[in-house]
Amino acid sequence: MDLFSGIALGLDVAITSEALLFCLIGVSVGMFIGVLPGIGPLAAVAMTLPITYHLEPMSALIMLAGIFYGAQYGGSTASILLNLPGTSTTAVTALDGYPMAKQGRAGAALFITTITSFAGGCFAIVLVMSFAPALGQMALKFSSAEYFSIMLLGLVAAATMSLGSPVKGIIAVVAGLLLSTVGMDPTSGTIRYSFGVLELQDGLNLVAMAMGLFGVAELLKNAGKPRDLTPQKVRLRELIPTRKDLSECWKPTVRGSFIGSFVGILPGAGPTLAAFLAYAFEKRVSRRPERFGRGAIEGISAPEAANNASTQAAFIPTLALGIPGDAGMAVLLGAMMIHGITPRPEFFTTNADLFWGLVVSFWVGNLMLLVLNIPLIGFWVRILTVPQRILFPAILFFICIGVYSVSNSPFDVMTVIVFGIVGYLMNAYGYPPAPMLMGFILGPMLEQHFRRALLFSRGDITTFIDRPISAAFLVLTVALVASLAIPGFMARRRARLAED
Amino acid sequence: MKRPGRNRQEIAAGLAWAAIGLGAIAIAANYAFGTIIRMGPGFVPILLGALLAVFGVIAAWQGRREPEVSLDLRWRPFAFIIGGIVVWVLLIDHVGFVPSTVALVAISAQAERDVTWLETFLLAAGMTLVGYLIFIRGIGIPIAAFGS
């Protein structure tokens with residue numbers, strides 16, 4: 001199917017009153033949750049996942065995706081006005097956004113982040129449309145060896161390209177893989193690691209785990225800490241950026257979109273890395289790098305374009321290969337599977353309406369966010385000032401009822417508690433919880449393909465390097481690990497990140 | 001908080017991961033290991049357990065040089081947040097949605113020191129009502145409002 005007939009099909013599906021309604025609900029809820037300080041896109045999707053169980057798969061997907069990128073938009077508001085980023089992704093935006101707000105330019109900063117987010121998102125949507133089906137075509141030839149190698153690359157990337165220690169990232173991934181083996185082994189039927197607990201025979205619940213690691217753990221981290229909740233003032237007439245602002249931000253936006261899209265396509269590398277890279281790049285090419293950190297307009301436009309571009313571009317590996325780009329995408333992938341949609345190469349032909357409908361809905365949703373964000377800025381600012389003592393019990397309630405309603409299982413809610421504490425401890429000691437979730441989600445597929453590849457090759461381990469595509473993924477994986485072993489590279493990278 | 005030198009907590013964390021890895025191997029030893037052509041259910045878990053043990057030791061080794069950071073544990077929010085969920089789980093199948101949600105909100109609101117009784121009351125009543133309307137009347141999840 002060519003691009004234009006695809007778009008036409010997508011318009012047919014996405015411009016129905018029902019699809020528009022769920023898209024609007026999705027982006028509004030996402031924006032709302034994203035604005036709340038301390039809660040990011042991942043927790044937003046996990047919290048609202050159960051609500052979508054009762055919807056048609058198409059509506060559910062449109063809504064969940066809307067929540068996901070809507071929360072990305074919303075996160076920058078808290079960064080700019082309060083210097084309290086919802087996630088590490090928007091932490092970069094706070095670097096120059098908050099200084100701008102303190103200089104009385106909060107309105108212009110919000111306006112510019114909205115526009116550049118929109119531009120970055122749109123750029124990446126075009127990429128998704130052009131490349132995801134092509135990648136799907138290519139992936140039709142993949143055998144278990146290729147799947148194993150690309151998942152390995154994704155997991156190693158997730159482990160080592162996060163901001164902390166790579167060793168801790170690898171530990172998190174391996175722990176996640178190990179957790180994924182809990183329950184019945186599909187090949188032999190053996191029950192593994194159930195400790196005699198009946199509920200564990202079906203394996204751990206993804207939603208419960210995600211809510212614990214990213215919901216409860218975040219609350220535990222932030223609760224009891226006093227916060228300064230007086231946002232910088234925004235006046236409506238300041239919203240319009242000056243001509244100078246616009247001429248200064250369009251080039252960084254284009255560069256940010258490119259960087260973000262590239263990072264988004266890589267499995268395992270998410271929007272956080274995209275934003276950091278785009279910021280570092282702008283600082284390097286700038287003629288006056290000393291303005292960064294003091295309210296430079298390039299410092300908000302490039303990372304915002306990059307993180308939204310990568311959020312959208314991450315749909316390429318997710319839909320074409322079933323391999324999520326980051327932990328948030330992994331939860332979304334889990335949601336698709338719950339709705340009986342398994343992303344795989346054939347997805348683009350067998351579920352063409354679903355694919356094109358979803359992609360066109362991205363556009364609709366991005367447009368809605370643009371319209372919602374700016375006129376309602378006063379409303380978003382009010383939400384920011386809701387104190388934690390009101391906010392946290394409400395979030396906890398949604399977590400409990402959401403997890404419980406998945407299968408009316410108190411055991412799942414207990415799982416939330418356990419992973420809440422695990423996530424809290426991991427954060428405290430610098431072990432990133434996101435790679436653990438990636439490992440947990442990819443684990444069963446990784447094990448199946450590993451076993452199948454070696455079965456087909458009659459135990460010959462060289463099957464992974466004999467096949468050229470698989471070999472290429474493995475070479476990339478090795479290169480990634482090797483780059484960490486070069487001491488100068490690590491030191492420079494750490495220094496640059498610390499400095500930023 | 002930070003001083004150069006040995007970080008006992010970092011080392012302990014790395015060793016804890018290594019112990020989990022060894023534990024995973026010990027349990028997986030009961031599952032059929034199989035051969036590399038036909039792997040049994042124990043093959044991959046043992047491999048993963050070994051990886052975890054090795055990297056746990058590496059993390060502990062690296063932890064020697066990290067500056068000392070101690071865990072900043074605040075008991076009040078911890079107890080009330082975890083306690084709220086535990087109470088909700090224990091109650092939900094016995095007394096129904098309304099009482100358990102009131103309990104959850106009332107308990108977890110105490111995590112912050114500055115909450116007043118009036119706020120707690122309004123929040124508990126409001127959240128329960130909103131939750132009832134969305135989840136029981138709206139979506140229709142099968143939970144009794146009162147009773148089991």
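When reading the values below, keep in mind they use all heavy atoms of this one structure, side chains included, and skip hydrogens, waters and symmetry mates. Here is the naming used below: chain letters follow the sequence lines, and residue numbers restart at 1 for every chain. As the structure is a prediction and not an experimental result, all values here were calculated from the model.
A pairwise comparison of heavy atoms in B/Met127 and A/Ala394 identifies SD-CB, 3.8 Å as the closest pair. Closest approach of B/Ile85 and A/Val413 over heavy atoms only: CG2-CG1, 3.7 Å. Nearest heavy-atom pair, B/Gly49 versus A/Leu178, reported as atom, atom and distance to 0.1 Å: N-CD1, 4.2 Å.
Within a 6.0 Å sphere centred on CD of A/Gln201, heavy atoms belonging to other residues, nucleotides or ligands number more than 12. Within 6.0 Å of atom CZ in B/Arg76, more than 12 heavy atoms from other residues, nucleotides or ligands are found, so the atom counts as buried in its surroundings. Shown here is B/Phe121, whose CZ atom has no more than 12 heavy atoms of other residues, nucleotides or ligands within 6.0 Å.
Heavy atoms of B/Tyr31 lying under 4.5 Å from chain A belong exclusively to its side chain. For chain A, the nearby part of B/Ile92 is the side chain; its heavy atoms alone come within less than 4.5 Å. Proximity to chain B is absent for every atom of A/Phe456, based on heavy atoms less than 4.5 angstrom apart. For B/Val86, the parts sitting under 4.5 Å from any heavy atom of chain A are the backbone and the side chain alike. Looking at A/Ile191, the atoms closer than 4.5 Å to chain B (heavy atoms on both sides) all sit in the backbone: N, CA, C or O. Residue B/Leu47 touches chain A through its side chain alone, counting heavy-atom pairs closer than 4.5 Å. Only the side chain of B/Ile143 comes within contact range of chain A, judged by heavy atoms closer than 4.5 Å. Within the 4.5 angstrom heavy-atom criterion, only side-chain atoms of A/Thr181, from C-beta onward, approach chain B. With a threshold of 4.5 angstrom between heavy atoms, B/Ala28 approaches chain A through its backbone and through its side chain. Contact of B/Leu104 with chain A is made through the side chain alone, with heavy-atom distances under 4.5 Å. Looking at A/Val173, there are no atoms closer than 4.5 Å to chain B (heavy atoms on both sides), in backbone or side chain. In this structure, chain B has heavy atoms under 4.5 Å from both the backbone and the side chain of A/Leu220.
With chain A as partner, the option from B/Pro77, B/Gly14, B/Gly42 having the largest number of non-hydrogen pairs under 4.5 angstrom is B/Pro77. With respect to chain A, the highest number of heavy-atom pairs below 4.5 Å among B/Ile37, B/Ile36, B/Leu52 belongs to B/Ile37. Of the listed residues (B/Ala13, B/Ala111, B/Gly84, B/Gly126), the one with the most heavy-atom contacts under 4.5 Å to chain A is B/Ala13. Between chain A and the options B/Phe135, B/Phe97, B/Phe80, the largest number of non-hydrogen pairs under 4.5 Å is found for B/Phe135. Contacts with chain A were tallied for B/Ala106, B/Ser108, B/Ala124; B/Ser108 has the most, counting heavy-atom pairs under 4.5 Å.
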- Run the side-chain contact (heavy atoms from CB on, under 4.5 Å) check on B/Trp88 and A/Ile401 step by step: do they pass? CA-CA 10 Å; B/Trp88 193 86; A/Ile401 189 79; 4.2 Å; yes

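Although no hydrogens or angles enter the test, the distance criterion places no donor-acceptor pair under 3.5 Å between the side chain of A/Tyr193 and the main chain of B/Ile27.
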